*Asks:* 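My questions will all concern the structure given below.
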2 protein chains.
Amino acid sequence: MAATLKDIAREVGVSVTTVSRALAGYNDVAANTKERIQETAVRLGYSPNITARRLQKQRTDTLGFIMPTFGPRFSDPFFSEFIAGIGNQAAAHKYDLLVSTHAPDSEGERQAYLQAAKRGWVDGLIVVRTREDDARIQLLCQHDFPFVAFGRTSNECAFPYVDEDSAAGMRLLVQHFVDLGHERIGLIAPPSGLMFGHYRLQSFYNTMAENNLPVQPDWIVTGDMTQRGGAEAVAALLALDPLPTAIIGGNDLMAIGAINQIQQHGLRVGQDIAVGGFDDIPLSAYMTPPLTTIHQPIYEIGQQTCAMLIDVINGRSPQDPHTLLTPTLIIRESSGTATIQMEGGERIQSN
Amino acid sequence: MAATLKDIAREVGVSVTTVSRALAGYNDVAANTKERIQETAVRLGYSPNITARRLQKQRTDTLGFIMPTFGPRFSDPFFSEFIAGIGNQAAAHKYDLLVSTHAPDSEGERQAYLQAAKRGWVDGLIVVRTREDDARIQLLCQHDFPFVAFGRTSNECAFPYVDEDSAAGMRLLVQHFVDLGHERIGLIAPPSGLMFGHYRLQSFYNTMAENNLPVQPDWIVTGDMTQRGGAEAVAALLALDPLPTAIIGGNDLMAIGAINQIQQHGLRVGQDIAVGGFDDIPLSAYMTPPLTTIHQPIYEIGQQTCAMLIDVINGRSPQDPHTLLTPTLIIRESSGTATIQMEGGERIQSN
DNA sequence: TCCATCATCCGAAACGTTTTGGATGATTTT
DNA sequence: AAAATCATCCAAAACGTTTCGGATGATGGA
C-alpha cells in the first residue's frame, strides 16, 4: 500500500541504493537525480518503514517506562506529569516512549523488565519509585541494560540516577514545624521498602533528634500513598492522647486524605493541627486550607531523567551520572503559620 | 550478542526454518528434534527479535496514544488512570502502548498523527478529548487508519467511539440542583471546541429550559480544565449580583479551584453556594466539603476503548461500534443537601 | 514391485531499509 | 597520451524472522 524505496526507484529509473542515499542526504548523488527522487518521494507519499530501519540499525529509538500501579483503579497525578516530562524530552531527541503498567514487585513486572532487557524491545528504561534492594535494578545491572532511575537504592551496583534530596526535604519540613513550636509531630510514612520513604523516615528521626525532641513509636504510621490511605492512616494518630500538634503526610495525596479526616473529626487544620505534605501537586495550593508542602519539580525530573538516559544509550554518559535535586519548602496555611507564628515562632522561608 | 535462530540452528545442526517452526509449535517437526531445539533455545537465552518479527509480519502489535497536554507543566489525573486502563487492556492482548504528548491543535500534534497514519509506526490509535470538527479524526478517516475515539465529534465521517453521555450527566446534575430549589445556576464550561463541553453546555441550557428557568449569559464562564482555570473563572461569577446559588464545574479540577475561591471569599460551600463537578476523580471525595459530581469510570473507559480498537485492527469490528456510557450522580456535601434539604427539597439518588 | 502417503526437513524468498565496496565514465593532472 | 582523480551510481549483503513450496526417504497398501 504505502510507497517503498523500491517504488520510488522503479519510478525514477534508478537503484534502491541511490534513492536511499539521496533521501538520506549523501553527497554522492547528482543534484538533479536527487531532485527527481525527492519529488517522486513526495508525490508517492513516501515515508520510511520504521520497523525495517530499526532492524537494519539494530536499535529501536524507543524508551521504555513501566509504571508501578497499585491496583487497577489508580490515579496519581505524579505520573501524568512525569510522563509528560519524559515524553517531551524523548520526542525532542526523536525517541518514542513505550509505556506499560504493572503492580510493583509482581511477577508481571519482573517479566516485563526481563523482556525489556532482551535485545530489541527498547533501547533503554526509566525506573521510578526505587525500592530498597530493588529487584528491577539488580536485574538490569546484571544484563548490563541501559537505564536511569528516578531515585536511589540500597543495591550495591552503580547506576545513573536522578533523585530529589528527600532527607533535605524532610528536614525542611520538620524544622519548619519545630520552629513553629511543635514538639509532637506525627508522620504518615510511605510503605516500607520504598527508598524515598526510607530517606524521609530517617531524616524525620534525625531532625527530631537534632532538636532534642523525642519520637514516640505511635507517631509513625504507614499509608499507601493514596488519599484513602492517608485518611485511614491518620485515624490512628487522631486516637492518640495527647494528640500530635502537627502531622506530615508522606506525599500530598496522603496529606489531603489526612486533612479530610482531621476536619471530619471537627478539628481545624492549621489551627488545632498543622499538616504538611510532599510533592506540591497542583491541587495542593487549592485545598482549604492550602497545603504546606515540599515542592518537587516532577516535570523537570522527568526531563532530566530522560535526557540522562539518552546520553547513556549513546555512550555519552557523564563522569558523574548522579543528580540530586534540592527541594524547596512551600509554606501555606495548613502549617498554621498565621496563628502559631504569633506565639513566637520564627518563620522559615524557602528559596 | 543475544542468540538468534541462526545460532540455535547451528548448535543443533538443523535449518533455521526448522528452528522457527519448532519454536512456533508446528507439528511438522519430529518430537525429539523439537525437544533439542527448545532445550538449546533456553540454554542460549534465546528471545525472538521483535523488530524482525514485526517487519516480516507487517504489523507492529503496538497501539498509539497521543496525550493532548496544555503547556509543559500539567497534570490531569484523568490521564494516568486512562493510560492504566488502555495499558492493561493492551497488555492482555499482547499489544504495546506508545505514548506521546502534544499540545492540542498544534502543528506538532498534526505531524504526530500524520506520521502515525503512515504504515509501520503503530497499528492503531486512541484519540481522546474529541473536538468539534476534529482535524485529527478527519485526517485518520482520510487515511483509513484504524482508531477509536473516546468522545464523539461533529465531523460527518463514521468511526468507532466510546463516549460518556455528557448530556445525561449534565441533566442529572442540573436537575439535582433544581430539585434542591436552586434557580440561579452558574456554569464553568470547558473551553469551546471540546466536544464533551459542547454536549454539557447544550444539556445545561436544555435542562434549565425544561424547568422553565431562565439562563443569564453572565452565568456561563469558561475555564481551561485546571484548578487554576476554575479558580480564575469563578471570580466572574462571584462578582454577580445577585449571586448564583449553585455553580457547576466543567470538571472536578475546575470545581475544586472554584471551591477554593468561594471559600477565600468567605462563603460556605454547600451552604451559601452549592458546587458540583464532573469526573469523580479520587480526590473529589476528600475535599472539604466532599464534592458532588458525575462519576466517570475512566479506567473502564480506557479498557473499553482499547478493546474496541484491538477489534477494529483485527477486522472484528462489531456492527455498531458505538458505546455510550450512562453516568451516575454522586451526591456529596458540596451540593448542600444537608442544609437545603431541610427547606423542602427532595433528595435525588443516583444508581 | 510400484505407487501413494506420510513424517520430517529445508532452500529461498520476502519484509524494507542501510551500508559496504566497488564499477563506470568523464575530467583533470602529469 | 597515460595516469590519477572525481562524480555518480549500483549490486549485494546484512539485519532476524516467517512462510511458501517443495525435497527426501521411509512406510503402507495394491
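Quick note on labels: first sequence line is chain A, next is B, and so on, each numbered from 1. Please read all numbers here as calculations on a predicted model, not as lab measurements.
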*Asks:* Answer yes when A/Asp96 and A/Arg54 have at least one side-chain N-carboxylate O distance shorter than 4.0 Å, and no when they do not.
*Replies:* yes

*Asks:* Grab the two heavy atoms, one from A/Tyr113 and one from A/Ile126, that are nearest each other, plus how far apart they are.
*Replies:*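 Taking A/Tyr113 first and A/Ile126 second, the nearest heavy atoms are OH-O, 4.5 Å.
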
*Asks:* Without decimals, in angstroms, what is the distance between A/Leu23 CG and C/dG16 C1'?
*Replies:*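 Between C1' of C/dG16 and CG of A/Leu23: 13 Å.
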
*Asks:* From the options C/dT17, D/dT18, C/dC15, select the nucleotide whose nearest atom is closest to the side chain of A/Lys6.
*Replies:*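 Given the options C/dT17, D/dT18, C/dC15, the side chain of A/Lys6 is closest to C/dC15.
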
*Asks:* Can we say A/Arg21 and A/Asp28 salt-bridge, meaning some charged N sits less than 4.0 Å from an Asp/Glu carboxylate O?
*Replies:*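 Looking at A/Asp28 together with A/Arg21, the answer is yes, because their closest N to O distance falls below 4.0 Å.
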
*Asks:* Within this structure, what is the CG-to-P distance between A/Asn49 and C/dA14, rounded to whole angstrom?
*Replies:* 17 Å

*Asks:* Between B/Tyr26 and B/Ala52, name the one whose nearest nucleotide on DNA chain D is closer to the 5' end.
*Replies:*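 Final value for this comparison: B/Ala52.
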
*Asks:* Do the side chains of A/Asp133 and A/Arg131 get close enough for a salt bridge, i.e. N-O under 4.0 angstrom?
*Replies:*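 Salt bridge flag = no for A/Arg131 with A/Asp133.
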
*Asks:* Give the minimum heavy-atom separation between B/Ile50 and A/Gln115, together with the two atoms involved.
*Replies:* CD1-NE2, 3.8 Å

*Asks:* Mark yes or no: B/Arg152 above the aromatic ring of B/Phe159, with NZ or CZ under 6.0 Å from the six-membered ring centre and no more than 45 degrees from the axis.
*Replies:* no

*Asks:* With respect to the phosphate group of C/dT17, does any side-chain polar atom (N or O) of A/Tyr46 fall under 4.0 Å of OP1 or OP2?
*Replies:* yes

*Asks:* Do the side-chain N and O atoms of A/Thr17 and A/Ser20 include a donor-acceptor pair separated by under 3.5 angstrom?
*Replies:*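 No, A/Ser20 and A/Thr17 have no side-chain donor paired with an acceptor closer than 3.5 Å.
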
*Asks:* May I have the distance from A/Gln58 (atom CD) to C/dT17 (atom P), rounded to whole angstrom?
*Replies:*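 Between P of C/dT17 and CD of A/Gln58: 17 Å.
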
*Asks:* Tell me the interatomic distance from A/Asp61, atom CG, to C/dT18, atom P, rounded to whole angstroms.
*Replies:*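 The distance from CG of A/Asp61 to P of C/dT18 comes to 12 Å, rounded to the nearest Å.
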
*Asks:* Between D/dG16 atom P and A/Lys57 atom NZ, what is the distance in whole Å?
*Replies:*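 Result: 16 Å.
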
*Asks:* Check the distance between C/dT19's P and A/Arg53's CZ and give it to me in whole angstrom.
*Replies:*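 Interatomic distance, CZ of A/Arg53 to P of C/dT19: 10 Å.
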
*Asks:* What is the distance from CZ of B/Arg54 to C1' of D/dC15, rounded to the nearest Å?
*Replies:*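 In whole Å, D/dC15 C1' and B/Arg54 CZ are 15 Å from each other.
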
*Asks:* Would you sketch DNA chain C in dot-bracket for me? Only Watson-Crick or G-U wobble pairs with both distances under 3.5 Å count, crossing pairs as [ ], other-strand pairs as |, the rest as dots.
*Replies:* ||||||||||||||||||||||||||||||

*Asks:* Is there a side-chain polar atom (N or O) of A/Ser20 under 4.0 Å from OP1 or OP2 of C/dT17?
*Replies:* no

*Asks:* Applying ring pair (Phe, Tyr, Trp, His ring centres under 6.0 Å), run through A/Phe65 and A/Phe82 and close with a yes or a no.
*Replies:* CA-CA 10 Å; A/Phe65 175 52; A/Phe82 190 75; 5.6 Å; yes

*Asks:* I need a per-nucleotide contact map over nucleotides 6-13 of chain D, read 5' to 3'. Cutoff is protein heavy atoms under 4.0 Å; write B for the base, S for backbone only, - otherwise.
*Replies:* --BBBBB-

*Asks:* CG of A/Leu55 versus P of D/dT18: gap in Å, rounded?
*Replies:*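 A/Leu55 atom CG is separated from D/dT18 atom P by 12 Å.
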
*Asks:* If only atom types and distance count, is the side chain of A/Asn314 paired as donor or acceptor with the main-chain N or O of A/Ile310 below 3.5 Å?
*Replies:* yes

